[in-house]
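Note that ligands are numbered from 1 as they come in the structure, with each ligand's atoms numbered from 1 the same way. The first residue in the sequence is number 1, and the count goes up from there.
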Amino acid sequence: MYLPGVGPKRADLLKQELRIISYEDLIYYFPYKYVDRSRIFTISEVRSGMQHIQLKGRVNSLRTIGEGRGKRMVANFTDGTGNVELVWFKGLKFVKSSINGDFVYIVFGKPSVFNGVINIVHPEMDRFEESKTLLQQGLQAHYNTSEKMKSNFLNSKAIHKLVYNLFQSYKGKIPETLPAHIIEKYRLTILNDALRIIHFPRDNQSLEKARFRLIFEELFYIQLNILRLKNQRTFNIKGHTFTKVGGYLNQFYSQHLPFELTGAQKRVIREMRHDMGSGRQMNRLLQGDVGSGKTLVALMVMLIALDNDFQACLMAPTEILATQHFETIAAQVEALDVNVALLTGSTKKSERVRIDEQLRSGELQILIGTHALIEDTVVFNRLGLVVIDEQHRFGVQQRARLWKKNLNPPHVLVMTATPIPRTLAMTVYGDLEVSVIDELPPGRKPIQTMHYFHNRRNQLNRFLREEISKGRQVYVVYPLIEESEKMDFKNLSEGYEYMQGAFPECKVVMVHGRMKPSEKDKAMHVFASGEAQIMVATTVIEVGVNVPNASVMIIESAERFGLSQLHQLRGRVGRGAEQSYCILMTSFKLAEETRKRMEIMTRTNDGFEIAEADMKMRGPGDLEGTQQSGLPFDLKISNLTRDSRILQMGRQVAEEVLENDPLLEKPDNQILNRQLTKLARAKINWGMIS
Ligand code: ADP
Ligand code: MG
């Protein structure tokens, strides 16, 4: 409010609308685009279809025409080479009182042709004499403002003026935030200049250098922060060393392996064995598309823990999934005589007591469960490994609690099927090592995806009948979003009734989140056993459910799902040897973006490609699966997709710095410490990932 041009009212608006409360906030409120104002066109050069241009000339007549909503003010504007019309539909009084035929004006706007006459609607106008300030030279910065701000005359131009005033009144140099050795080595623009140029660029070249410096700095500090955390952990924490590869793993591998491992499965298991034998604590993220066989990897890694006389646990996000893991794993290790148990919210009291006892005594070797595993009452004897499946459902804090269950923290393996673009992974999980299963088990036929409008329902039903007669099973999924829960629920139950009516010869089950766990399990079981042919469900089945005989996935109101979620749902089929299908049902009228989503889904099965597309379309902040783990900061100027190369460089420079000075103790690097502390205070939440 002390800045010339602000005052209490505008100060309040800036605070409410843009969270700008200090000079620094204002300086770091960066333009979103630039318009070239270095060139003035003559009217004879103007063509329709041009972008924003500037003209210089006089107004030689001004008149009001039309009535009601069509009422407008039209000025005839000339520069001696021709005429254009300037048109206003709003603020007519103001225009009339402020335009004066005696002055020369600079007019700025986008020309179009109407009735054979070139016109510019709602142009920006400045008297030529007054426009010769810094504000109107070269590339002009444009800033985002809200409707509320605009209606209070705080538009882009006004913001620009405020930044200008700030730089006018601030005579000093803005203190540098990067160490001199980095600035010199990479020939970066110094902060003081970069900040001035970003608001008042003279030319594209210096603007690009200034932007580079600011983007680099932002990404560099994120990487430095993550890598420093990782360093601290490596220095301070000793991991259990698993040196033995003993009876359990060998016996399983040689006698009970249900199928040949894929090359990728072998490779990631090797990577983990190496981690766990190194004396350091393993913190690894295992990424693998749906159906790539992560469960088997988890089991084999748990067997390594058992071979070293440790316990292991596997945590899943839903009861259905935990139960399924339990059944799969218990069956696979039956012959090995491994003691496995399942712990969920609905475990019976007596069973619970038994589990607790055996966990403490060490008799229980593998515990599989849901969030129930995190409770403080669950105490292990010697927990050596924690596997977290479908990681995105767990918040950072929940993971941290598991982590604290031992004095010596267990090795941690986080598994996710939500493919995360590499750049984002580097940023969100930058302190975890990453393994990727990039190969599906052999013999899988790629899922065929089709996009149908509702009017093809009959055709769809004929197709379903064919599939079911071949012995296949069908999922029908409805969206259920909390805000519109009632409506969605109605759609779901109507869909259930509809399927029962349309397929009287079939057994149809329904599964949704509001059912009691026991009912849900029962319905799931009826479907998994093959007794029911059709399952109508909400997205509770999104994660992990494995019924290899199900070959058709119908997604109702597919327009309401994001790309990653569609991909997750589709992954529920295509798990057996049969040709599988995914059918996206939508209404006929679709937004451009939705159409594009459907097009991507029908074109590719590649989870990474889909994740990249998702990130491009929605921005990383909204990316499915990262909402909870979240980007722990907001990006002011960089964009992880666009700036992936600068991100790479930021990481590399951060690595170099830490290599030479692991704990940032050298005098040269104190500026880094200060800056990290400052960022941590401003943005909080730079939480440890696990
Ligand atoms: P996800 O990675 O999605 O968790 P799962 O572990 O559920 O995948 O595996 C999907 C299916 O593939 C399961 O039915 C599993 O038994 C099977 N599978 C896993 N590994 C292999 C393999 N190497 N060869 C053949 N089938 C496999
Ligand atoms: Mg899985």
K.L.:
Would you check the N or O atoms of Gly291, main chain and side chain alike, for any that come under 3.5 Å of an N or O of ligand 1?
P.N.:
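Gly291 vs ligand 1: N/O contact under 3.5 Å present.
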K.L.:
Among Gly576, Pro441, Gly574, Gly288, which residue places a heavy atom closest to atom 24 (N) of ligand 1?
P.N.:
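Heavy atom nearest to atom 24 (N) of ligand 1 belongs to Pro441.
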K.L.:
Would you say the side-chain atoms of Gln533 pair up with the backbone N or O of Val508, donor to acceptor, closer than 3.5 Å?
P.N.:
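Absent.
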K.L.:
How long is the straight-line distance from CD of Glu433 back to CZ of Arg284, given to the nearest 0.5 Å?
P.N.:
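It comes to 5.5 Å.
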K.L.:
Measuring from atom 10 (C) of ligand 1, which candidate in Arg575, Gln265, His325 has the nearest non-hydrogen atom?
P.N.:
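It is Arg575 that holds the nearest heavy atom.
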K.L.:
Could you establish whether Glu439 and ligand 1 come within less than 4.0 Å of each other, counting only heavy atoms on the residue side?
P.N.:
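Heavy atoms of Glu439 never come under 4.0 Å of ligand 1.
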K.L.:
Checking His325 against Asp389 for the side-chain hydrogen bond (donor to acceptor under 3.5 Å, both in side chains) test, could you report, in this order, the C-alpha distance in whole Å, the side-chain angles of both residues, the deciding distance, and whether it holds?
P.N.:
CA-CA 10 Å; His325 278 326; Asp389 192 17; 2.6 Å; yes
K.L.:
I need the contact type for Lys266 against ligand 1. Using non-hydrogen atoms and a strict under-4.0 Å cut-off, is it side chain, backbone, both or neither?
P.N.:
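It is neither part, as no heavy atom is under 4.0 Å.
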K.L.:
Going by the atom numbers of ligand 1, which of them fall below 4.0 Å from some non-hydrogen atom of Glu260?
P.N.:
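Answer, ordered by atom number: 22 (C), 23 (N), 24 (N).
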K.L.:
Give the atoms of ligand 1, by number and element, whose distance to some non-hydrogen atom of Thr262 is under 4.0 Å.
P.N.:
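Near Thr262, the atoms of ligand 1 are 23 (N).
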K.L.:
List ligand 1 atoms under 4.0 Å from Arg444, heavy atoms only on the residue side.
P.N.:
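The list of qualifying atoms is 10 (C), 11 (C), 12 (O), 17 (C).
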K.L.:
Do we get Arg572 above Tyr475's six-membered ring, with its NZ or CZ under 6.0 Å from the centre and within 45° of the axis?
P.N.:
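Not flagged: Arg572 not positioned over aromatic ring of Tyr475.
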K.L.:
Determine whether the side chain, the backbone, both or neither of Thr295 has a heavy atom under 4.0 Å from any heavy atom of ligand 1.
P.N.:
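Thr295 to ligand 1: contacts from backbone and side chain alike.
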K.L.:
Could you measure the distance from the CZ atom of Arg462 to the CD atom of Glu466? Nearest 0.5 Å is fine.
P.N.:
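Rounded to the nearest 0.5 Å, the CZ-CD separation comes out at 9.0 Å.
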K.L.:
Flag the pair Glu599 and Arg595 as a salt bridge only when some basic side-chain nitrogen lies within less than 4.0 angstrom of an acidic carboxylate oxygen.
P.N.:
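Arg595 and Glu599: not salt-bridged.
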K.L.:
Does Arg465 make a cation-pi contact with Phe503, if we ask for NZ or CZ under 6.0 Å from the ring centre and within 45° of the axis?
P.N.:
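Positive - Arg465 is close enough to the ring of Phe503 and near enough to its axis.
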